[in-house]
There are 2 protein chains.
Amino acid sequence: MYKVSEFSKMTGLSKETLRYYADVKLLEPAYINPKNNYRYYDNGSYLIAMILVSLRKFNFTIQEMITVMEDESFENLETILIQKKLGIEKKIEDLKNTIEEIDQFLQWGKEEEEE
Amino acid sequence: MYKVSEFSKMTGLSKETLRYYADVKLLEPAYINPKNNYRYYDNGSYLIAMILVSLRKFNFTIQEMITVMEDESFENLETILIQKKLGIEKKIEDLKNTIEEIDQFLQWGKEEEEE
DNA sequence: ATAAACCATGTTGTGCACCACAGAGTCAAC
DNA sequence: GTTGACTCTGTGGTGCACAACATGGTTTAT
């Protein structure tokens, strides 16, 4: 059983983030001492935290992470990750289009100069 | 000289956006009637608005747009746009890396199943 | 002259994912 | 047993780019 500070160092999640994740029921402490409300995390928490850290890297929103976590068997995780990939690929396409548009804008600027 | 509503329709920028742009000195009205504070825009405003609409499409922040506008000759516009392109290209690279990481995560999941 | 449509200012709210603080209680080490 | 490090709760703030009011004055068309 780890207290927040220790668990924070283990996971790389700040204490505030841990509190926030507990608030939104994304990662609740394994045990809360009713006498002082100290929050304790265990190795199970650690595994979940590791997954959350990954999902965060993958640009998951909190809501999406909650959706993943609601399904304890992680049955849908693969599907969701594939969906996420598609979303990212679309974003890449959008950015490429933006680059296209910038190029056109630059081109237009050059033509103006020539006239 | 156009009043906000008309100018809003011409440019596609909402009235609130126009007010906001005036507040942050990004696009100030060509004339303000001191009697009633009505804001009037002219054809010069329109040209600037068109550029702003483009920059917005290019994911420029307000601050960046202000930087562009501070330089009335638009001398640095090309440089800034090229910089912006580089930034977008970096973002694309980041997203591609994210996809890579998701793939690895998925792969790791499959290996776990096999064991 | 009256009603509809327009304009102004000022303030608050939005969404996201936390961060930062204040004030107070608690624990650990020496 | 005292000091320093830790913990809690609650509240407010952050950044971005507006949107959404409320309230009240003005203009335009009939």
Side-chain angles (χ1 to χ4, degrees), chain A residues 1-42 45 48-49 51-69 84 87-88 91 94 98, chain B residues 1-42 45 48-49 51-69 84 87-88 91 94 98:
Chain A
M1 303 278 271
Y2 318 105
K3 285 195 284 190
V4 274
S5 273
E6 193 180 0
F7 196 65
S8 169
K9 278 173 197 158
M10 290 165 64
T11 59
L13 298 166
S14 77
K15 296 177 202 175
E16 293 83 10
T17 298
L18 286 171
R19 179 153 80 116
Y20 176 64
Y21 283 6
D23 276 354
V24 300
K25 289 157 193 352
L26 189 51
L27 172 55
E28 297 181 79
Y31 169 71
I32 297 178
N33 186 333
K35 291 192 178 160
N36 53 19
N37 283 333
Y38 276 30
R39 291 164 295 164
Y40 293 91
Y41 296 87
D42 62 10
S45 317
I48 293 175
I51 293 176
L52 293 179
V53 167
S54 286
L55 295 184
R56 197 161 70 153
K57 254 193 285 182
F58 302 159
N59 298 324
F60 273 64
T61 66
I62 295 288
Q63 266 314 308
E64 288 170 330
M65 291 199 264
I66 290 172
T67 302
V68 170
M69 287 306 147
K84 197 71 191 174
I88 294 175
K91 236 184 231 167
D94 288 348
T98 300
Chain B
M1 302 279 270
Y2 318 104
K3 285 195 283 190
V4 274
S5 273
E6 193 180 359
F7 196 65
S8 170
K9 278 172 197 159
M10 290 165 64
T11 59
L13 297 167
S14 78
K15 296 177 200 176
E16 292 84 10
T17 299
L18 287 170
R19 179 152 80 117
Y20 176 65
Y21 283 5
D23 276 354
V24 299
K25 288 157 196 348
L26 189 51
L27 172 54
E28 298 180 80
Y31 169 72
I32 296 178
N33 186 335
K35 291 192 178 160
N36 54 17
N37 283 332
Y38 277 29
R39 290 164 296 166
Y40 293 91
Y41 295 87
D42 63 9
S45 318
I48 293 176
I51 293 176
L52 292 180
V53 167
S54 286
L55 295 184
R56 197 161 69 151
K57 255 193 285 182
F58 303 159
N59 298 326
F60 273 64
T61 65
I62 296 288
Q63 266 314 308
E64 287 170 331
M65 291 198 265
I66 289 172
T67 303
V68 170
M69 288 304 147
K84 197 72 192 175
I88 293 175
K91 236 183 232 167
D94 288 347
T98 300

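- Counting to the nearest Å, the P atom of D/dT28 and the CG atom of B/N33 are 11 Å from each other.
- Between the NZ atom of A/K35 and the P atom of C/dA24 there is a distance of 24 Å, rounded to whole Å.
- As a whole-Å value, the separation of A/R19 CZ from D/dG10 C1' is 7 Å.
- A 4.5 Å side-chain heavy-atom check between A/L13 and A/F7 finds every atom pair outside the cut-off.
- The closest side-chain heavy-atom distance from B/E64 to B/L55 is not below 4.5 Å.
- No option in B/V24, B/L52, B/I51 other than B/L52 meets the side-chain contact (heavy atoms from CB on, under 4.5 Å) test with B/M65.
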Short heteroatom pairs, N/O only, protein and nucleotides 3-7 of chain C, under 3.5 Å:
| from | atom 1 | to | atom 2 | distance (Å) |
| --- | --- | --- | --- | --- |
| C/dC7 | OP1 | B/S5 | N | 3.3 |
| C/dC7 | OP2 | B/S5 | OG | 2.3 |
| C/dC7 | O4' | B/Y38 | OH | 3.3 |

Decide side-chain contact (heavy atoms from CB on, under 4.5 Å) for B/R39 and B/R19; before the verdict, give the C-alpha distance in whole Å, the side-chain angles of both, and the deciding distance to 0.1 Å. CA-CA 9 Å; B/R39 290 164 296 166; B/R19 179 152 80 117; 3.4 Å; yes
Check step by step if side-chain contact (heavy atoms from CB on, under 4.5 Å) holds for A/T17 and A/R56. CA-CA 12 Å; A/T17 298; A/R56 197 161 70 153; 4.0 Å; yes
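- Counting to the nearest Å, the P atom of C/dT11 and the CG atom of B/D23 are 12 Å from each other.
- Going from atom NZ of A/K91 over to atom CG of B/D94 covers 11.5 Å, rounded to the nearest 0.5 Å.
- In this structure, B/Y31 atom OH and C/dA8 atom P are separated by 13 Å, rounded to whole Å.
- Rounded to whole Å, the distance from CG on A/L55 to P on C/dC18 is 12 Å.
- Counting to the nearest Å, the P atom of D/dT7 and the CG atom of A/L18 are 11 Å from each other.
- In this structure, A/K84 satisfies the cation-pi test against A/F60, with its NZ or CZ atom closer than 6.0 Å to the six-membered ring centre and inside 45 degrees of the ring normal.
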Apply side-chain contact (heavy atoms from CB on, under 4.5 Å) to A/L18 and A/Y41, showing your working. CA-CA 10 Å; A/L18 286 171; A/Y41 296 87; 3.8 Å; yes
Could you write out each protein N or O paired with an N or O of nucleotides 16-18 of chain D at a distance under 3.5 Å?
| from | atom 1 | to | atom 2 | distance (Å) |
| --- | --- | --- | --- | --- |
| D/dA17 | OP1 | B/I62 | N | 3.4 |
| D/dA17 | OP2 | B/I62 | N | 3.0 |
| D/dC18 | OP1 | B/R56 | NH1 | 2.6 |
| D/dC18 | OP2 | B/Y21 | OH | 2.7 |

